[in-house]
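For reference, the structure is listed below as structure tokens.
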Amino acid sequence: IKFAVAVVNGTQAIYISLKACGVKKNEEVLVPALTFVGTVNAISYLGAEPHFVDSQIENFGINSLKLENYLNKIVKFKGNKSINKLTGKVIKAIIPVHVFGHPCNIQKIIKIGKKFNLVVVEDAAEALGSFYKKKHLGTFGDVGCISFNGNKIITTGGGGMVITNKKKLAKKI
């Protein structure tokens, strides 16, 4: 990864990433039904709304098949924005979470993100040292978020990091 920005914790990493990626108040952010409360708190701190989607039993991450079918039913496009037909709100981002370091089907989620013009903020807080197809988790999305909390494999007692290959985004963060 080209750029890494240190932050106070994993929740702040997600918050700063969402904000830098342009998520605004009243927009929706997709998250798996099984996640840590910090992931959802980061969305709420922006005044955005978490939109929970089904998790997959095999890896605890977002069920990409159900996600795509669901979005095909509820999304209408207005310009380059995905609008939730049920709420009338913009669906702006998706946060795939690699629960306990188990990789979700991140390549499929990235494709879905592109199809629906969604920013992908990878929650790799529990996935430091985990790989998907020989590539570190947290390096697939627009940004990756890592935690160094006391219960992580590498700890500073607290702390976190935002990683990205996008120079402009790194400077903004």
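Atom set for the values below is all heavy atoms of this structure, side chains included, hydrogens, waters and symmetry mates excluded.
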Walk me through it: do Leu169 and Cys21 pass the test side-chain contact (heavy atoms from CB on, under 4.5 Å)? CA-CA 7 Å; Leu169 194 53; Cys21 289; 3.9 Å; yes

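- Taking 4.5 Å as the limit, every side-chain heavy atom of Cys104 sits out of range of all side-chain heavy atoms of Ile62.
- A continuous path of Ile, Leu, Val, Met, Phe, Trp and Tyr side chains, each step under 4.5 Å between heavy atoms, connects Leu86 with Leu71, placing both in one hydrophobic cluster.
- You'll find the side chain of Val119 reaches within 4.5 Å of the side chain of Val121, heavy atoms only.
- Considering every non-hydrogen atom in both Val29 and Ala48, the closest pair reads CG2-CB, 4.4 Å.
- Rounded to the nearest 0.5 Å, atoms CD (Glu58) and NE2 (His102) are 11.5 Å apart.
- Side-chain atoms of Ser82 come within 3.5 Å of backbone N or O of Phe116 as a donor-acceptor pair.
- Taking CG of Leu118 as the start and CD1 of Ile95 as the end, the distance is 11.5 Å to the nearest 0.5 Å.
- The two residues Gly101 and Ser130 have their closest heavy-atom pair at O-OG, 3.0 Å.
- Between Val7 and Met161, the closest side-chain pair of non-hydrogen atoms is not below 4.5 Å.
- Nearest heavy-atom pair across Pro103 and Asn59 is O-ND2, 3.3 Å.
- In this structure, the side chain of Asn105 does not engage the main chain of Ser64 through any donor-acceptor pair within 3.5 Å.
- Judged by a 6.0 Å distance limit and a 45° cone about the ring axis, Lys167 is not positioned over the six-membered ring of Phe3.
- Ile14 is listed as a side-chain neighbour of Asp123, based on a closest heavy-atom distance under 4.5 Å.
- Looking only at side-chain heavy atoms (C-beta outward), Asn63 and Leu67 stay at 4.5 Å or farther from each other.
- Atom CD of residue Glu49 and atom NZ of residue Lys92 lie 15.5 Å apart, to the nearest 0.5 angstrom.
- Remark: the backbone N or O of Gly138 is paired with a side-chain donor or acceptor of Glu122 at under 3.5 angstrom.
- The nearest pair of heavy atoms linking Phe140 to Gln107 is CE2-CG, 4.3 Å.
- When the shell of 6.0 Å around CZ of Phe100 is examined, it contains 12 or fewer heavy atoms from other residues, nucleotides or ligands.
- A pairwise comparison of heavy atoms in Val31 and Pro50 identifies CG2-CB, 4.3 Å as the closest pair.
- For the atom pair Ile146 CD1 and Asn9 CG, the distance stands at 13.5 Å (nearest 0.5 Å).
- Classified by interplanar angle (parallel below 30°, tilted 30° to 60°, perpendicular above 60°), the ring pair Phe131/His136 is tilted.
- Lys135 contributes atom NZ, which lies 9.5 Å from atom CD1 of Ile106 (distance to the nearest 0.5 angstrom).
- How far CD1 of Ile83 is from CD of Glu27: 8.5 Å, rounded to the nearest 0.5 Å.
- Open room surrounds NZ on Lys81; 12 or fewer heavy atoms of other groups in view lie less than 6.0 Å from it.
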Between Asn84 and His51, does a side-chain contact (heavy atoms from CB on, under 4.5 Å) hold up when you go through it step by step? CA-CA 10 Å; Asn84 184 332; His51 186 135; 3.3 Å; yes

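- Side-chain atoms of Glu28 do not come within 3.5 Å of backbone N or O of Ile91 as any donor-acceptor pair.
- A salt bridge between Glu68 and Lys111 is absent, with no side-chain N of the basic residue lying under 4.0 Å from a carboxylate O of the acidic one.
- The shortest distance between side-chain heavy atoms of Val99 and Phe36 does not fall below 4.5 Å.
- Residue Lys85 places its NZ atom among more than 12 non-hydrogen atoms of other residues, nucleotides or ligands, all under 6.0 Å distant.
- With hydrogens and angles ignored, the 3.5 Å screen pairs a side-chain donor or acceptor of Lys172 with a backbone N or O of Ala20.
- Around atom CD1 of Ile57, no more than 12 heavy atoms belonging to other residues, nucleotides or ligands sit under 6.0 Å away.
- Tyr15 and Asn41 share no donor-acceptor pair across their side chains, judged by distance under 3.5 Å alone.
- Residues Lys24 and Leu46 fail the side-chain proximity criterion, which asks for heavy atoms closer than 4.5 Å.
- Formation of a donor-acceptor pair under 3.5 Å by the Thr39 side chain with backbone atoms of Thr35 is not found in this model.
- Taking each heavy atom of Ala93 and Leu18 in turn, the nearest pair found is CB-CD2, 4.1 Å.
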Would you please test Asn165 and Ile1 for side-chain contact (heavy atoms from CB on, under 4.5 Å) and show each step? CA-CA 6 Å; Asn165 282 319; Ile1 204 83; 3.6 Å; yes

Run the side-chain contact (heavy atoms from CB on, under 4.5 Å) check on Val143 and Ile173 step by step: do they pass? CA-CA 10 Å; Val143 296; Ile173 291 167; 4.1 Å; yes

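- You'll find the side chain of Ile74 stays beyond 4.5 Å of the side chain of Thr87, heavy atoms only.
- Although no hydrogens or angles enter the test, the distance criterion places no donor-acceptor pair under 3.5 Å between the side chain of Ser55 and the main chain of Pro32.
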